Protein chains: 2
Amino acid sequence: MTTPQLTKNQSLVFDVLEKAEGPLSAYTILDKLRDHGFRAPLQVYRALEKLLEYGVVHRLESINSFVACAHPGENCHSHGIVAFAICESCGLVMEFHDHEVDHRLMAWVRGQKFKPEKTTIEIRGLCETCAA
Amino acid sequence: MTTPQLTKNQSLVFDVLEKAEGPLSAYTILDKLRDHGFRAPLQVYRALEKLLEYGVVHRLESINSFVACAHPGENCHSHGIVAFAICESCGLVMEFHDHEVDHRLMAWVRGQKFKPEKTTIEIRGLCETCAA
DNA sequence: ATTGCACACGTTATAGCATAACGCAATTGA
DNA sequence: TCAATTGCGTTATGCTATAACGTGTGCAAT
Ligand SMILES: [Zn+2]
Ligand SMILES: [Zn+2]
Ligand SMILES: [Zn+2]
Ligand SMILES: [Zn+2]
């Protein structure tokens with residue numbers, strides 16, 4: 001799927017996420033955009049919904065937050081399962097893909113005749129800097 | 001870690017989860033325990049906190065819900081990373097472990113000098129019955 | 001026995017995350 | 001022109017989780 005031209009609100013939300021140091025909650029995004037006219041959570045959630053659909057933003061389920069995709073240009077959806085390592089101290093997020101992990105998980109679901117729709121892999125811990 | 005004797009509230013919460021067909025939210029558990037004197041969310045969350053610590057209950061991050069561990073008796077914490085397949089139609093949860101997946105993920109974090117604390121793997125989709 | 005501590009518990013209030021439901025305006029394409 | 005779609009704004013509401021305070025009980029050190 002190709003990414004269509006972003007609307008004004010979508011661009012604003014995406015820019016905030018891209019410039020952020022780490023993952024942001026929807027309400028944090030809202031606060032950062034009040035000067036641009038944002039007043040209600042739905043303005044953020046509606047933009048996020050589209051950005052997630054386009055694959056340019058990811059949702060971190062374990063911390064109820066959102067990050068810009070680390071692979072601008074490419075279509076992240078086509079790389080298989082996306083995995084994240086999230087530093088609980090500084091908020092650093094590392095995004096990666098591992099085809100062998102994908103393969104193992106998909107082999108398992110095939111064995112169960114389970115039909116996967118969306119897979120979450122999130123490793124919370126401490127990044128190299130924070131663990132030192 | 002061995003599981004200590006559960007307190008009254010912990011037992012009530014655990015029993016509700018064990019008898020449930022699928023994962024339950026904290027507030028659903030609360031509702032099911034009103035007849036037993038539960039009045040406030042904290043009574044549930046405090047019990048869940050301990051049950052999670054003992055490893056007899058798991059939290060499904062992607063759906064803000066809780067399930068009893070599928071491996072009664074054993075200590076689930078010692079089996080490495082726990083993975084879940086969650087049917088979005090009927091709520092069925094399948095819990096499994098895959099050492100090869102663990103190995104790949106841990107190899108990756110080692111390469112990044114990332115120190116993992118807690119890893120989430122959750123596959124949402126449709127179970128065999130619901131997909132048919 | 002008294003003191004001090006740890007722990008479970010109860011209650012009220014509050015914080016944080018997400019969506020429902022309504023209406024309006026601009027766009028598009030029959 | 002008309003209908004359908006999409007984005008947007010607003011208000012209200014619902015769901016998820018924790019803060020802060022106080023109570024009572026059991027148990028160990030003094
Ligand atoms: Zn990505
Ligand atoms: Zn860090
Ligand atoms: Zn388990
Ligand atoms: Zn099902």
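Order of the sequence lines fixes the chain letters, A, B, ..., with proteins taken first and strands second; residue numbering starts at 1 for each chain. What you are looking at is a predicted structure, and each value in this text was computed from that prediction instead of being measured.
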Using atom types as modelled, flag every donor-acceptor pair under 3.5 Å from a side chain in residues 124-132 of chain A to any protein atom, sequence neighbours excluded.
from   : atom 1 : to     : atom 2 : distance (Å)
A/R124 : NH1    : B/T120 : OG1    : 2.8
A/R124 : NH2    : B/E61  : OE2    : 3.0

For B/Q10 and for A/L42, find the nucleotide of DNA chain C with the closest heavy atom, then tell me which residue's nucleotide is more 5'. B/Q10

For a 4.0 angstrom threshold against heavy atoms of chain B, report the outermost contacting nucleotides of DNA chain D in 5' to 3' order. D/dT16 to D/dA20

Strand-adjacent residues in residues 21-35 of chain B, judged by heavy atoms under 4.0 Å from DNA chain C: none

Atom pair CD1 (B/I29) and CG (B/D15), whose distance is rounded to the nearest 0.5 Å: 11.5 Å

Enumerate donor-acceptor pairs with a distance under 3.5 Å from any side-chain N or O in residues 38-45 of chain A to protein atoms, sequence neighbours excluded.
from  : atom 1 : to    : atom 2 : distance (Å)
A/Q43 : OE1    : A/R39 : N      : 2.6
A/Q43 : OE1    : A/A40 : N      : 2.9

Non-hydrogen side-chain atoms of A/L48 and A/L17 separated by less than 4.5 Å: yes

Assuming nearest nucleotide by heavy-atom distance, tell me which of A/Q43 and B/F66 is located more 5' along DNA chain D. A/Q43

Distance from B/E95 atom CD to B/H71 atom NE2, nearest 0.5 Å? 5.0 Å

Check whether B/L6 and B/V13 end up in the same hydrophobic cluster, where Ile, Leu, Val, Met, Phe, Trp and Tyr are linked by side-chain heavy atoms less than 4.5 Å apart. yes

Are there more than 12 heavy atoms of other residues, nucleotides or ligands under 6.0 Å from atom NE2 of B/H79? yes

Could you give the start and end, 5' to 3', of the contact zone on DNA chain C for chain A, using atoms under 4.0 Å from its heavy atoms? C/dC17 to C/dA21

Checking side-chain contact (heavy atoms from CB on, under 4.5 Å) between B/I81 and each of B/H99, B/M106, B/H97, which is the one that passes? B/M106

Would you say that A/N64 contacts A/S25 through its side chain, given a criterion of any heavy-atom pair below 4.5 Å between the two side chains? no

Output all residues satisfying side-chain contact (heavy atoms from CB on, under 4.5 Å) with B/H36, sequence neighbours left out; order by chain, then residue number. B/L12, B/L33

Under 4.0 angstrom, heavy atoms only, what part of the nucleic acid is B/R39 near: base, sugar-phosphate, or nothing? sugar-phosphate

